[in-house]
Every structure is written in structure tokens, then in C-alpha cells.
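Encoded as C-alpha cells, the structure appears first; notes follow it.
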Number of protein chains: 2
Amino acid sequence: MKPMGSKSRTARPMAKRKTRPAKPVRPPAAKKQIEPLDDRRQVVINEAARLFGSKGYEGTSMRDIAAAVKILPGSLYHHFPSKEDLFVAVYAFAVSQSLDAVTAAIANRTDPWARLEAACIAHTQGLLDTNSYAAVLISHLSVSNLPNQVVALRDSYESVFKELIAELPLPPGIDRRIFRLGLLGSMSWTITWYRPGGETPATIVRKLLSIIRRE
Amino acid sequence: MKPMGSKSRTARPMAKRKTRPAKPVRPPAAKKQIEPLDDRRQVVINEAARLFGSKGYEGTSMRDIAAAVKILPGSLYHHFPSKEDLFVAVYAFAVSQSLDAVTAAIANRTDPWARLEAACIAHTQGLLDTNSYAAVLISHLSVSNLPNQVVALRDSYESVFKELIAELPLPPGIDRRIFRLGLLGSMSWTITWYRPGGETPATIVRKLLSIIRRE
DNA sequence: CAACACCAAACAATCGTTTGTTTCGATTTG
DNA sequence: CAAATCGAAACAAACGATTGTTTGGTGTTG
């Protein structure tokens, strides 16, 4: 209904905008969550990511999320002051996870095309993973006013691809910005047609890149 | 909230599922709407297309649409039995409009690449037009269960691109299905970053195709 | 007159959110 | 060591607003 950047319906004390202590940064995530993950807050983020990613922001209610975490709706507000704040936290988590995955994937490669391919595979695997944390990255096609924080997070993430593409030996006359946006678009769009059991995300990405790449 | 393919909240008489008499097919749309357009139904579709396209299905309420048409919410149900039916009508209209635009664009061209370029430009212009009827075509990233009719319409539209791509003289080893989905994805995604006043849709599309096309 | 297009008003359901209370483990204190 | 205290986390219940939709009446028009 209303754009995300707007004020909440019932007046909430704006002063209570507590700036979290930089988030309890857990060590770059060895696997998934081996540690007891007593952090219930993180459970909320995980479930919300799954729901936002599969049903969209407007299509996911706080009650849906609460039910998935098995707490009552009101209890969510112990962890997050509003639905929008929760979304921002989810988005930030998804960005950091994807960033970690992409960074790890390109770490030990030097060839520019190999680095781009590794990054794209990691990115797309995150998007298409059925227990996806990353689908939320593209869950807001139509939300016109999305929070500044989210835009900033997205830009910081996409800048990684900007740098990877800057290293490519492309023929002159190629617009690298359009190259980046086109590539990201074709990867994002896979979520609308990808079916598990068919081609793997890695195969899809390799085929996409083989179309773009010139010998 | 609930997937579009499901039953409505308050029990509606399912028998009244009136299959419209094939829709009052207006002559392939000379320009936009020069004729008096007494058809109020079409006004509803136009406004709904604009709103669905810019705010998404869940983000658009029947009251929003009614206000845009300047009638009361309940009056919408004189034209459409449900919100979902309205969406299907809007989607069908958008497909037919886009189909007309693409068909006209490729009519007098023979070179395969020129035909594809013309089609892509027409497609993307429809998507990015600020008074867009076509943005609704991609307004459902996350809706898991979308009506069968919509899927069928989308497939019929995309089959045009399938044929255009089949004609291309591509190097062997290129997966033309991935080619099509990647190209459609990169075009669809422009809606997330396109800004009026910057590069025109035509320029964007030409740059995209110049990346893909090999000399 | 009959069909159409609409208004006016309401319906139950669900929305995001608030409020007040309870539970319970850890910490502090007598 | 035991009792008192505390805060986090949850429950229980409700708030007003908004959702899609229904019903019944009204004016207009061919």
C-alpha cells in the first residue's frame, strides 16, 4: 500500500530510533549456523528473509513471520521496531551474506573472466537457493520509495561487480555500466523461470556468460 | 498475502465465473485511445495497469484503483468480479498491446538482428513508458502461484522472441533458450534502474544488443 | 421498462502495531 | 548460600485502519 519510506500508520515514538550497536557481527559464517544460534533475532531474520524472498514485502505479514518463528506477532516488536526496520535488517543480512559468498568465490582467481564467472555463480546460487536468503535482494521491483539504507546496501554490493567488469578486456565501444546492469538483470530474472531439477545455477550462468563473451 | 491462484477470502458464488465473450476486441489500437472510449471498463484497466505496474499487485488496493477512476470501490465489481480477475484482464491487455507494438516494429524488416533489435526496443519502451501499460507484465516477481491464464499469456508473448531468436545466425554452442531468457531478463530489469532524462530505452537496448552481438 | 453504471453503506477478515503482564535465567545483594 | 532484583523474551489481548467484497438502492439511457 504505502511506499516503504513513509511514516508508520499509528504514531510511534520517533525518538526510540535506537541505532543498534553495529550488529553482533558473527565471524564470517564458517558454514551456516553451527553455533547454538541462541540469537533469536537471527532466527527472525532468517525466516523473514525466506518469506520476503518468496512472497514479497507486501505479500508477507508480520503474522506470517511470527508464525514461522513460532512466537506471537507482538513479540516481533521486541526485536524490531517496525516491519520496515525488519526488512532493512533482512536486506542488510542478505547483502552481507552475498558479499561474503562472492568475495570467497573470487579470492583465489586471477583471470578477469574467471573471476566474473565465479562471482556470478555465487551470486546466482544465493538467489536461487530454495532456502534462499538472497531472493530478498530483488523482492522490491515495484516499491517506488525504498529506504535509503537499502539503496546504499544494494549499491555497495553491486560495486563489486563494477570492479570485476572494469578488469575485463572488452572491445572498445562497450558500455560497461550497461554491461553490468544487463548482466545483473539477466541473473536476477532467473528467479522467475528457474526450476530446481533443471539446469543448475552454475550451468545457467556459464551459458549466459558464454553468450556475452567474445573469443 | 495469499497467492493469487487461491480462493477469495469471503465466499463468492463460484458459478458466476463468467467467461467473458472473448473481450470486446477493439481494432488493433491505431494510436492510444482516440475514440471516445465510452468503455468505462477500459478506463479501469488503464488505471489499474498504471497502479499495478508501479506499486505491484499486493501494493495496489481496489480503493486505489477506484479513486484513480473516480468511482467508489464497490463499483469496480460491476466491471470485474474480483481483484484477481481485474489483474488478469489488465495483464491480457498489456500483453496484447505489447504484442501489437512488437509486431508492428518488426513488420518491415528482414535482417534477423534488425528484427530482434526493433522488437526489443518496442518491448522496452512499453515497459519504461511512464504512463506504462506494460510494467504490469513484470509486476509479479514473487507471487508464487499466479493464475494459469497469466502464465499462458506471458508464454504466448515470449514465443515471439523465441521465433526472432531462432532466426539469428548464432555461433554453435549457444543455448538459445538461455539467450532468450537472459535478454528478456536484462530488459525487464531496466525498470529498476531506468531514470527518465537519462539514456533512452532505445539507446539502452542497442547497447545491450551490442554486447551480445558478435561481429 | 429494462439494462446498465454507479452510489452509499456496510460486512468480516486481516493489517501493522501497542499495551500490559508473565516467565525465567542471570546478576546483585543481604 | 539464599533472597531480591533485573532485563530479555515472550504471551495475551486488543487497538484503529485498511483490506477485498457484498448488498441494496438510485439515477440514467436506449
Side-chain angles (χ1 to χ4, degrees), chain A residues 1-18 20-21 24 36-45 47-48 51-52 55-88 143, chain B residues 1-18 20-21 24 36-45 47-48 51-52 55-88 143:
Chain A
M1 176 65 211
K2 35 188 46 159
M4 290 191 60
S6 62
K7 291 300 136 229
S8 49
R9 179 166 40 194
T10 43
R12 267 184 302 112
M14 204 51 187
K16 207 192 150 202
R17 217 67 175 179
K18 68 157 121 180
R20 287 216 144 247
L37 191 50
D38 54 302
D39 212 356
R40 298 284 287 144
R41 182 186 148 94
Q42 187 58 44
V43 176
V44 173
I45 289 181
E47 293 302 318
L51 288 167
F52 282 146
K55 314 204 303 176
Y57 179 79
E58 313 272 6
T60 302
S61 72
M62 292 298 266
R63 284 169 177 80
D64 293 337
I65 299 168
V69 186
K70 287 197 246 298
I71 59 177
L72 293 190
S75 305
L76 288 174
Y77 290 82
H78 178 73
H79 300 283
F80 303 93
S82 74
K83 185 186 183 185
E84 179 177 327
D85 284 85
L86 170 55
F87 179 82
V88 171
V143 175
Chain B
M1 175 66 212
K2 33 189 45 159
M4 291 189 60
S6 62
K7 291 301 137 229
S8 47
R9 180 167 40 195
T10 44
R12 268 184 300 109
M14 203 51 186
K16 209 194 148 200
R17 216 65 174 179
K18 65 159 126 178
R20 288 217 144 246
L37 191 49
D38 54 300
D39 212 356
R40 300 283 289 144
R41 182 187 148 95
Q42 186 59 44
V43 176
V44 173
I45 289 182
E47 293 302 317
L51 289 167
F52 282 146
K55 315 204 301 177
Y57 179 79
E58 314 271 5
T60 302
S61 72
M62 293 297 268
R63 281 168 179 80
D64 293 338
I65 299 167
V69 186
K70 289 198 242 300
I71 60 175
L72 293 189
S75 304
L76 288 173
Y77 289 82
H78 176 71
H79 300 282
F80 303 93
S82 74
K83 185 187 183 184
E84 179 177 327
D85 284 84
L86 171 55
F87 179 82
V88 171
V143 175

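Numbered from 1 within each chain, the chains take letters A, B, ... in sequence-line order.
Considering only the side chain of Lys83(A), dG16(C) comes nearest among dG16(C), dC6(C), dG20(D). Among the nucleotides dT17(C), dG20(D), dA8(D), the one closest to the side chain of Tyr77(A) is dT17(C). When distances are taken from the side chain of Ile71(B) to each of dC4(C), dA10(D), dC7(C), the shortest belongs to dC7(C). Residue Ser75(B) places its side chain closer to dC6(C) than to any other of dA10(D), dC6(C), dG20(D). Side-chain proximity of Arg63(A) to the nucleotides dG16(C), dT21(D), dA5(C) is greatest for dG16(C).
At the heavy-atom level, Leu72(A) lies under 4.0 Å from base atoms of the strands shown.
For the pair Glu84(B) CD and dT19(D) P, the interatomic distance rounds to 18 Å; values are reported in whole Å. When rounded to the nearest whole Å, the span between CD of Glu58(B) and P of dT18(D) equals 18 Å. In this entry the distance linking CZ of Arg40(B) with C1' of dA3(C) reads 18 Å, nearest Å. For Leu76(B) and dT23(D), the CG to P distance is 17 Å, given to the nearest whole Å. Taking atom NE2 of His78(B) as the reference point, atom C1' of dG24(D) lies 15 Å away to the nearest angstrom. Rounded to whole Å, atom C1' of dA9(D) lies 14 Å from atom CZ of Arg41(A). Nucleotide dA9(C) holds its P atom 20 Å from the CE atom of Met62(B), rounded to whole Å. Computed from coordinates, the Lys70(B) NZ to dC7(C) P distance equals 12 Å when rounded to whole Å.
Residue Ser61(A) has no polar side-chain atom (N or O) positioned under 4.0 Å from OP1 or OP2 of dT14(C). In terms of phosphate contacts, His79(B) brings a side-chain nitrogen or oxygen within less than 4.0 Å of OP1 or OP2 of dC6(C).
How far CG of Leu72(B) is from CE of Met62(B): 13.0 Å, rounded to the nearest 0.5 Å. Note that NZ of Lys83(B) is 6.5 Å distant from OG1 of Thr60(B), once rounded to the nearest 0.5 Å. Interatomic distance, Glu47(A) CD to Asp64(A) CG, rounded to the nearest 0.5 Å: 11.5 Å.
Residues Glu58(B) and Tyr57(A) are not in side-chain contact: their nearest non-hydrogen atoms beyond the backbone lie 4.5 Å or more apart. Here the side chains of Phe80(B) and Val88(B) are not in contact, with every heavy-atom distance at 4.5 Å or above.
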